[in-house]
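In what follows, chains carry the letters A, B, and so on, assigned in the order in which the sequence lines appear, proteins first and then strands, with residues in each chain numbered from 1. Because the structure is a prediction, the values reported are computed rather than measured.
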There are 2 protein chains.
Amino acid sequence: MSGPRFEPVRTVRAYERIVEQVEEAIESGALCPGERLPSERDLMVQFSVSRSTVREALRVLQARGLVRSRPGDPHGAEVQPFSPAALHKSMTTLARVDELSLGELVQFRMVLDASANLLAARLRTDEQLAEMDAAIAGMRAAVEVGYDAFSAADIAFHDAVARASRNKLIQICTDVVRSIVLGLVSGKIAAAADREALMRQSIAHHEEVLAAVRAGDGPLAARLSRQTMYDYYLGYVPVDERPALRALLE
Amino acid sequence: MSGPRFEPVRTVRAYERIVEQVEEAIESGALCPGERLPSERDLMVQFSVSRSTVREALRVLQARGLVRSRPGDPHGAEVQPFSPAALHKSMTTLARVDELSLGELVQFRMVLDASANLLAARLRTDEQLAEMDAAIAGMRAAVEVGYDAFSAADIAFHDAVARASRNKLIQICTDVVRSIVLGLVSGKIAAAADREALMRQSIAHHEEVLAAVRAGDGPLAARLSRQTMYDYYLGYVPVDERPALRALLE
DNA sequence: GTGGATTTGTTCGTATGTATT
DNA sequence: TAATACATACGAACAAATCCA
């Protein structure tokens, strides 16, 4: 005796309904960054729930980076502009609990950076080219100063390339994965004995990459960027993971 | 009168301290998936905070996908195995609030899928090759059945390739970005008049890719996979975004 | 700058429905 | 079935932070 096909009911928490509604309002553009949510007391009236429930919803929204609330602020929680912080958080968690290896992370950086260079070689503006020039000049100047300054200039170069790719997803993922990788190895690099030689070699490689980008040769820029990153990080990647990295060098 | 350089104090919420401690316990491996947190009442004793504060912390941990709590469960919140759900959520949010275009998303899929194929061509096992064969057979069988079945088989193929790349980050990002793209266009594809022709063409392309992977020709597999995806999605990408896609076809 | 009003952060107590034993 | 322990949700209260007149 088959009656009407009923669907399983998942009881959804009160706070979750609030999260959904506010999320929808923000993602649809009804609420823009800088605008304010009603106060907690107003929200408990509008949703007809208790204050605790409102607060649990706000904590979730805050964890997702959509709003921020400060004690005593009479204007209510502020809608935040999108930031990759939440993305960064979950990817960092992934790296730790799922034991993402340095090899996998560097491999992913090679993929992203090569693609960014490939696209940048065809889509870059002269202004972006100038930014890359400036970044390499910064790297050169920073060799004497120290690793932190060098790393900052290096980041500026890769950021300029990522922007020139005109793909926001590549930009953001580049940023997130890079900071995770640097968190794992920057200490070791800073302490390396041959640090200065590594820097000089890296600069030379970056100049080759930039020349290819300037010439509009995407495939060459991509290949050189992979090689550059490979050479730079190889020493910190466990031996048994190196073949996988080499597989990207074709 | 410059005194000692004091640093600004950021008052950190009580619930945030709880989140940090539990997060650290989970990410360090002290708490493993399947294990249970103490009950809310025990937690309020251990952290010497109120029930509401404990609950706000649990909501945040739940939003990050680290734990899950059910009403009435006498064992307390359960530590969850990592799932890309949180990653998926934040990337979907990014796509909506930052107005990620379909072109950018498809471009990113092309980058990921090409890299996965490049690596798979060199690292795949015979078993994974068989999985890809089976997936393509499934696609062929599904042409008569309908778009949903076809899409499922298509996903199975790309998943097999991603797994064969042996890079978890590529696997997860592939999964996340694909589901976002499909959410945007699957309705249009299912309703397309020339749907069946598209499917048959897609199958032929997938067979070429697989042949390259089987032959161990990574660069060829990568190039063909880019072309396959380009052809499949081109019709749904706005005209002004198409040049950026073509830039990946070298 | 001061004070008062308002808001968030946090606590406590209570009631209710649910899952386990 | 009953007992127990749990999560969910509510409401009142106080302290600390913020804003505005």
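- Taking only side-chain atoms of B:S69, from C-beta outward, the nucleotide of D:dT8, C:dT20, C:dT11 with the closest atom is D:dT8.
- Across the protein-nucleic acid pair, B:Y15 atom OH and C:dT10 atom P stand 8 Å apart, rounded to whole Å.
- When distances are taken from the side chain of B:P71 to each of D:dC6, D:dT8, D:dC19, the shortest belongs to D:dT8.
- A:E40 comes within 4.0 angstrom of the backbone, heavy atoms only, and of no base.
- Between the CD1 atom of B:I18 and the C1' atom of C:dG9 there is a distance of 13 Å, given to the nearest Å.
- Nucleotide C:dT7 holds its C1' atom 14 Å from the CG atom of A:L37, rounded to whole Å.
- Atom CZ of B:R41 is separated from atom P of D:dT4 by 15 Å (rounded to the nearest Å).
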(message) The test is side-chain contact (heavy atoms from CB on, under 4.5 Å); show your working for B:R59 and B:S69 and say whether it passes.
(response) CA-CA 9 Å; B:R59 291 293 81 83; B:S69 48; 3.0 Å; yes
(message) Would A:L105 and A:M91 count as a side-chain contact (heavy atoms from CB on, under 4.5 Å) here? Give the steps.
(response) CA-CA 11 Å; A:L105 288 162; A:M91 211 173 268; over 6 Å; no
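- In this structure, A:R17 atom CZ and D:dT8 atom P are separated by 16 Å, rounded to whole Å.
- Only B:S50, B:S52, B:T53, listed by number, bring a heavy atom of residues 50-66 of chain B to less than 4.0 angstrom from any atom of DNA chain C.
- Within the nucleic acid shown, A:R70 comes within 4.0 Å of sugar-phosphate atoms alone, with no base atom in reach, counting heavy atoms only.
- Distance, A:L43 CG to D:dC10 C1': 16 Å, rounded to whole Å.
- Between A:Y232 and A:F150, the ring planes lie tilted relative to each other; the angle falls in the 30° to 60° range.
- B:D175 and B:H88 share no donor-acceptor pair across their side chains, judged by distance under 3.5 Å alone.
- Proximity of B:V49 to B:I18: side-chain heavy atoms (C-beta onward) are separated by under 4.5 Å at one or more points.
- Closest-nucleotide positions on DNA chain D for A:R13 and A:G72 were compared, and the one nearer the 5' end corresponds to A:R13.
- The main-chain N or O of B:G76 is found under 3.5 Å from a side-chain atom of B:R36 such that the two form a donor-acceptor pair.
- For A:S151 (side chain) and A:Y147 (main-chain N/O), no donor-acceptor pair under 3.5 Å exists by modelled atom type.
- Atom CZ in B:R36 sits roughly 11 Å away from atom C1' in C:dT20 (whole-Å rounding).
- Of the side-chain N and O atoms in B:H75, none sit less than 4.0 angstrom from OP1 or OP2 of D:dT4.
- When rounded to the nearest whole Å, the span between CZ of A:R68 and C1' of C:dT7 equals 15 Å.
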